[in-house]
There are 2 protein chains.
Amino acid sequence: MDLDDTDREILRILQEDARTPFSEVARRIDMSSATVHDRVNRMQEAGVIEGYHAKVDPREVGFGISAIVGLRVEQGREKDTLDRLSAVEGVQEIHLTTGEWDVMARVYAEDADALRELMFEEVAQMDGFARSQTMVVLGTEHETEELPV
Amino acid sequence: MDLDDTDREILRILQEDARTPFSEVARRIDMSSATVHDRVNRMQEAGVIEGYHAKVDPREVGFGISAIVGLRVEQGREKDTLDRLSAVEGVQEIHLTTGEWDVMARVYAEDADALRELMFEEVAQMDGFARSQTMVVLGTEHETEELPV
DNA sequence: GTTGAAAAAATATTGAG
DNA sequence: CTCAATATTTTTTCAAC
């Protein structure tokens, strides 16, 4: 889909605050809210906007620790192995990558103990993983949901 | 902040679709919309809900490639180095980690060429980084914005 | 592709149990 | 904390340019 400057402005506003009323978006970009509505609909249908999500603070809901995990997957069974990994609660992202690891995953757990259990008793024991490395996140210096559109 | 089951249900709904009208949230959890409104306000004020963001497909806005980057930071100048890294366009996340790398970052770029430029001509040249490794994301197997609350 | 206006729906607010 | 009623805003639709 081709996006013009108006579309990009709308995206910027909704990335920053997805609950901004269309009427206010319209005010800010100096157009009618019907136009905003129409453009947002088209961007949703085209898959440019994939959804709207409330960002919840992990700590406030009991996830006191997270880690970035590198994994080596045994050849020939990637699909099945990753499907099982996806289903593990606390596993938020799984990316196939070049370089040192086949897979990089982001996992959340309640505390260090739960993370140990998750990694060493659940993930590392799963068939299909040859090796893993857990990098515990000590802190997040910078994090944005907003792409520079 | 203490969250009860009702709060958690509201969080689940808003994590899945942040634009769900409060009246519909209320219907689904069988409460009045005033209650939902009140609870959402309290969760916002307490920082449980950090915001609402439209999820935009990176490819649709010109980011055809992304990478997970490991970095070693020279001791004694972490703060300044990471501040400068945060300001680089396309750098979405920066986490301090244990293990092989001091810092893990997620970066987005237009294409392989732009990623090379970003990494080797911008980041790797920055004072303060001793070493880096770029793991190009070949695909994303699983990704959710929703924490299992 | 955009607009303005009207109808439908949702949200904010208030007072009370 | 929750509800119900009301006042205010917003969303949605649609004829018209």
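Just so we're on the same page: letters track the sequence lines, and every chain starts at 1.
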Rounded to 10°, the angle between the first-five-pair and last-five-pair axes of the helix from C:dG1-D:dC17 to C:dG17-D:dC1 is 30°

Less than 4.0 angstrom between a side-chain N/O of A:S33 and OP1 or OP2 of D:dT11, yes or no?
no

Pairing residues for B:R106 by the salt bridge (charged side-chain N to carboxylate O under 4.0 Å, His left out) criterion, not counting sequence neighbours
A:E93

In whole angstroms, the gap separating C1' of D:dT2 from CD of B:E9 amounts to 16 Å

Look at B:E16 together with B:R12 and state whether they make a salt bridge at an N to O cut-off of under 4.0 Å.
no

Nearest-Å distance for atom pair CD1/P, residues B:I10 and C:dT11
13 Å

So if I take every side-chain heavy atom of B:D38 and compare against C:dG4, D:dT12, D:dC1, which nucleotide ends up nearest?
D:dC1

Just how far, in rounded Å, is C1' of C:dG1 from CZ of A:R42?
8 Å

Closest approach of B:M104 to B:G70 (non-hydrogen atoms, all atoms of both residues)
SD-CA, 3.8 Å

Between B:S23 and A:D4, name the one whose nearest nucleotide on DNA chain C is closer to the 5' end.
A:D4

Take a 6.0 Å sphere around CD of B:Q75 and say whether it holds more than 12 heavy atoms from other residues, nucleotides or ligands.
no

Whole-Å gap separating P (C:dT11) and CZ (B:R39):
17 Å

B:R19 CZ - C:dA9 C1' separation (whole Å):
14 Å

Between P of C:dT2 and CE of A:M31, the distance in whole Å
5 Å

Between atom CG in A:D7 and atom P in C:dT2, what is the gap in whole Å?
8 Å

Does a nitrogen or oxygen in the side chain of B:H37 sit under 4.0 Å from OP1 or OP2 of C:dT11?
no

Protein-nucleotide distance (B:M43, atom CE; D:dC1, atom P), rounded to Å
11 Å

Closest to the B:P21 side chain, choosing from C:dT11, D:dT10, C:dT3
C:dT11

Considering only NZ, NE, NH1 and NH2 on the basic side and carboxylate oxygens on the acidic side, decide whether A:D4 and A:R8 come within less than 4.0 Å.
no

Picking from D:dC3, C:dA10, C:dT3, which would you name as closest to the side chain of A:T35?
C:dT3

By ring-ring contact (aromatic ring centres under 6.0 Å, His included), A:F22 pairs with (sequence neighbours left out) A:H37

Ion pair A:E9/A:R28, N-O distance below 4.0 Å
no

Take A:N41 and A:R27, find for each the nucleotide of DNA chain D with the closest heavy atom, and name the residue whose nucleotide sits nearer the 5' end.
A:R27

